[in-house]
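For ligands, and for the atoms within them, numbers begin at 1 and follow the listed sequence.
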Amino acid sequence: MEADRAATSAFPLRPAQRPGGYRSLILIMGDHLSHEISSLQQADPDRDLVMLCEVRDEATSVRHHKKKIAFLFSAMRHFALELRDRGFSVRYVTLDEPGNTGSFHGEVTRAIADFAPRALCLCEPSEYRVKSDVLSWEEEYSLPVTLLPDDRFLCSPQMFANWAADRKQLRLEYFYRDIRKRYDILMDGKSPLGGQWNYDSDNRKSAPENLSIPTPTVFEPDDITSEVFDLVTRHFADHFGDLHPFSLATTRKGALIVLQEFISQRLSLFGDFQDAMLEGEAWMFHSHISFYLNVGLLTPMECIRAAEDALHRDVAPLNAVEGFIRQIAGWREYVRGLYWLKMPDYKTLNHLDAKRELPDFFWTAQTDLNCLKQVITETGRNAYAHHIQRLMVVGNFSLLAGLHPDAVNEWFLIVYADAFEWVELPNVSGMALFADGGIMASKPYASSGQYIDRMSNYCKGCRYSVREKTGPEACPFNYLYWDFLIRNRDRLSANPRLGMPYRNLARMSGERQQALQEDAAAFLSKLGT
Ligand code: FAD
Ligand code: DLZ
Ligand code: SF4
């Protein structure tokens with residue numbers, strides 16, 4: 001579908017010297033692949049030099065999934081050629097180009113030495129780690145460095161800080177309402193369209209097994225992507241995950257097709273089955289656009305307006321459209337705001353003092369817990385899992401088992417092709433692990449096997465019984481859940497939203513509690529690391 005460019009071995013791209021030198025070197029990072037990005041808004045193809053570089057430091061800052069690296073490098077290469085077609089002088093450094101220093105910093109140093117630009121310009125990096133490095137460049141290079149805001153988001157870090165300033169609690173719901181009003185999204189004058197801000201209570205259906213789910217959009221890899229496969233196979237063969245089959249879009253044109261097909265084929269049932277999981281159905285009625293949004297191939301506002309338009313054309317009902325828009329206008333913007341407000345400390349938080357290492361099966365999927373086996377297998381294959389799989393299967397298990405936040409964060413950053421720290425860290429440390437002590441969530445998303453049983457068909461194919469609470473056949477989520485509450489009683493029992501489970505715990509006999517704790521201890525002691 002995407003192979004509209006003839007076979008090419010154009011890479012690396014080596015621009016000519018410009019008589020009189022280039023005005024500015026514009027560095028485009030791998031998640032800034034938008035022609036409207038701030039650093040390109042004032043760019044002049046006649047006077048500026050644009051650079052993209054594949055660097056080992058980024059590919060191995062954590063050992064990213066093979067498919068994620070292939071997606072990024074291919075999207076970067078396609079974008080570089082588009083820039084060249086628009087008349088820009090483009091330097092594109094491939095990972096295996098002789099002389100590649102392996103870091104942004106090294107490649108900027110090399111480009112300054114080669115082309116002597118009079119200034120350096122870039123859009124601010126999306127991750128704290130990289131931004132901290134970039135902030136030292138001006139002094140080092142003795143050349144003006146312009147760091148422009150990333151205006152692809154609906155809420156700037158400053159706007160979020162203003163919103164957060166006089167609040168005791170930073171709850172998503174109020175943030176989301178403000179964004180709706182500010183951008184006039186799903187509004188009827190000053191009121192929310194349909195009379196409610198949130199239709200979440202309509203969006204919790206489990207899926208019947210005979211549900212007909214549209215197949216996701218598939219893109220045949222073109223020559224550029226195939227070249228990247230060779231590179232990834234040569235350099236990252238020992239990284240997690242499957243490179244093939246590869247069906248992601250790697251251009252804006254492809255990403256727009258994914259968005260359009262979601263709107264026409266899946267959005268109408270997105271709300272109903274938003275939380276549902278079915279064995280063998282990795283993609284469900286989700287949009288699969290996070291890859292593209294997070295690297296700049298789609299903008300949040302065009303996705304929001306496309307969904308609103310579907311409502312007005314009667315293509316999808318309000319509960320689906322509002323549910324989808326809340327994810328983008330609400331959660332996505334909210335987690336980014338929180339990230340920049342709370343970093344760098346946020347990364348070190350471990351409120352529940354969780355210490356356990358990651359079990360081996362997070363990498364191999366070799367486990368008898370069928371829900372985890374299914375989700376981790378699909379993650380290895382697709383570099384994707386949908387939200388409830390991430391939160392209520394892998395995240396929930398990590399919370400209940402007391403896995404260390406650093407280990408869990410690293411895993412999530414590695415395995416999902418949409419994972420960048422600004423979005424991954426708050427979701428993992430805040431939403432899934434309660435490691436931030438409740439900055440993000442009002443209570444831990446802890447749950448026994450009952451929730452997974454209600455929302456999926458995983459339990460049917462499991463060697464454990466979700467109905468058994470203790471004993472060798474019992475679902476581990478069941479005793480781990482109670483063990484979690486007992487273990488964290490001092491920290492959590494005063495939380496009003498946990499009143500009910502702690503009252504239920506208080507009604508249990510001492511022997512019952514002990515049996516649950518013993519089963520949990522036996523299970524956890526056998527978790528291979
Ligand atoms: P859909 O379900 O179709 O939702 C539409 C869009 O809404 C998504 O593409 C995404 O951009 C946005 N969105 C939805 N939920 C969230 C959320 N909680 N935070 C931010 N944006 C959201 N999302 C990432 O983009 N990168 C991550 O690394 C990431 N890590 C996560 C880790 C955990 C533990 C959890 C619970 C969630 C994580 N999410 C992450 C959020 C969410 O799971 C993914 O955005 C979503 O699954 C992507 O699939 P989709 O595009 O089909 O999403
Ligand atoms: C994730 C990633 C990877 C794997 N490789 C590169 C790369 O080689 N070059 C690049 O520009 N960007 C890459 N990225 C994305 C960056 O990690 C991301 O742009 C920064 O973390 C932003 O702060
Ligand atoms: Fe998961 Fe428990 Fe169900 Fe097995 S029984 S699939 S471990 S929730």
Side-chain angles (χ1 to χ4, degrees), residues 27-32 52-62 64 68-69 72-73 76 93 95 104 107 124-131 133-134 172 262 266-267 270 274 283-295 298 300 303 323-336 367-374 384-395 397-398 408 412-413 415-429 431-433 445 448-453 456 458-468 474-478:
L27 175 64
I28 304 282
M29 290 180 171
D31 56 349
H32 286 169
L52 293 95
C53 44
E54 296 168 4
V55 287
R56 190 161 277 278
D57 275 9
E58 291 307 306
T60 58
S61 65
V62 295
H64 295 286
K68 179 178 186 180
I69 300 177
L72 265 153
F73 286 6
M76 285 169 63
V93 183
L95 189 90
F104 286 136
E107 285 315 290
E124 60 190 357
S126 65
E127 297 187 338
Y128 191 89
R129 165 185 65 88
V130 181
K131 188 169 175 184
D133 179 31
V134 167
L172 173 275
F262 165 69
R266 309 172 110 87
L267 175 60
F270 173 88
Q274 191 178 350
W283 306 95
M284 297 298 290
F285 289 90
H286 292 271
S287 65
H288 328 137
I289 57 169
S290 50
F291 320 112
Y292 314 119
L293 270 171
N294 293 353
V295 302
L298 292 176
C303 300
F324 174 70
I325 287 179
R326 177 154 26 91
Q327 308 312 312
I328 298 178
W331 282 112
R332 187 169 185 272
E333 297 290 330
Y334 171 87
V335 299
R336 178 172 180 263
T367 170
D368 286 341
L369 285 82
N370 192 41
C371 49
L372 281 159
K373 187 187 184 74
Q374 296 303 324
Y384 173 86
H386 66 70
H387 186 69
I388 288 299
Q389 294 177 310
R390 297 187 205 199
L391 182 63
M392 297 311 291
V393 178
V394 186
F397 179 84
S398 307
V408 183
F412 272 94
L413 199 53
V415 302
Y416 294 115
D418 58 21
F420 295 88
E421 192 182 76
W422 65 266
V423 53
E424 173 278 327
L425 179 67
N427 271 300
V428 171
S429 277
M431 200 185 299
L433 300 182
Y445 280 87
S448 70
Q450 206 185 356
Y451 176 86
I452 295 173
D453 189 35
S456 78
Y458 293 147
C459 301
K460 278 190 186 166
C462 187
R463 102 145 196 54
Y464 296 105
S465 162
V466 73
R467 273 172 296 282
E468 303 284 325
C475 164
F477 279 87
N478 290 343

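- Using a 4.0 Å cut-off to heavy atoms of L293, the atoms of ligand 1 that qualify are 11 (O).
- With sequence neighbours left out, the side chain to side chain donor-acceptor pair (under 3.5 Å) criterion links Y458 to Q389.
- Of the protein's non-hydrogen atoms, the one nearest atom 23 (N) of ligand 1 is V423 CG2, 3.6 Å.
- At a heavy-atom cutoff of 4.0 Å, ligand 1 is contacted by the side chain of N294 but not by its backbone.
- Residues forming a side-chain contact (heavy atoms from CB on, under 4.5 Å) with K131 (at least two apart in sequence, or on another chain): E124, P125, L135, L147, W340.
- Scanning the protein for heavy atoms near atom 30 (N) of ligand 1, the closest one is R390 NH1, 3.5 Å.
- D368 pairs by the side-chain contact (heavy atoms from CB on, under 4.5 Å) definition with R463, Y464, not counting sequence neighbours.
- Taking each of R326, R336, E421, Q327 in turn, the one with a heavy atom nearest to atom 14 (C) of ligand 1 proves to be Q327.
- Counting heavy atoms closer than 4.0 Å to ligand 1, residue E424 contributes atoms from both its backbone and its side chain.
- The distance from ligand 2 to the heavy atoms of G30 drops below 4.0 Å at these ligand atoms: 10 (C), 11 (O), 12 (N), 19 (O).
- Looking only at protein N/O/S atoms, the ones less than 2.8 Å from atom 2 (Fe) of ligand 3 make 1 in total.
- The part of A385 lying near ligand 1 is the backbone, judged by heavy-atom distances below 4.0 Å.
- No part of F291 comes within 4.0 Å of ligand 1, judged by heavy-atom distances.
- For atom 21 (O) of ligand 2, the nearest non-hydrogen atom from the set E421, E127, E107 comes from E127.
- Among the atoms of D31, some N or O lies under 3.5 angstrom from an N or O of ligand 2.
- Shown in contact with V428 at under 4.0 Å from a heavy atom are these atoms of ligand 1, numbered in order with element: 32 (C), 34 (C).
- The protein atom (non-hydrogen) at minimum distance from atom 8 (C) of ligand 1 is S290 CB, 4.1 Å.
- Close approach of ligand 2 to S126 (heavy-atom distance below 4.0 Å) involves ligand atoms 22 (C), 23 (O).
- Nearest-heavy-atom check against atom 42 (C) of ligand 1 across H387, H286, M284 picks out H387.
- For atom 27 (C) of ligand 1, the closest heavy atom belonging to the protein is D418 OD1, 3.4 Å.
- If you check each of S429, S287, S398, G330 against atom 1 (P) of ligand 1, the one with the closest non-hydrogen atom is S287.
- Contacts between F324 and ligand 1, counted as non-hydrogen atom pairs separated by less than 4.0 Å, involve the side chain only.
- Atom 7 (C) of ligand 2 has its nearest heavy-atom neighbour, among A417, S61, P125, C53, in C53.
- Within the 4.0 Å heavy-atom criterion, the part of M431 lying near ligand 1 is the side chain and not the backbone.
- Across the listed options K68, E58, E54, E58 owns the non-hydrogen atom lying nearest to atom 16 (C) of ligand 2.
- Scanning the protein heavy atoms around atom 28 (O) of ligand 1, the nearest turns out to be A419 CA, 3.1 Å.
- Neither the backbone nor the side chain of F262 comes within 4.0 Å of ligand 1, counting heavy atoms alone.
- In terms of protein heavy-atom proximity, atom 32 (C) of ligand 1 is closest to N427 CB, 3.6 Å.
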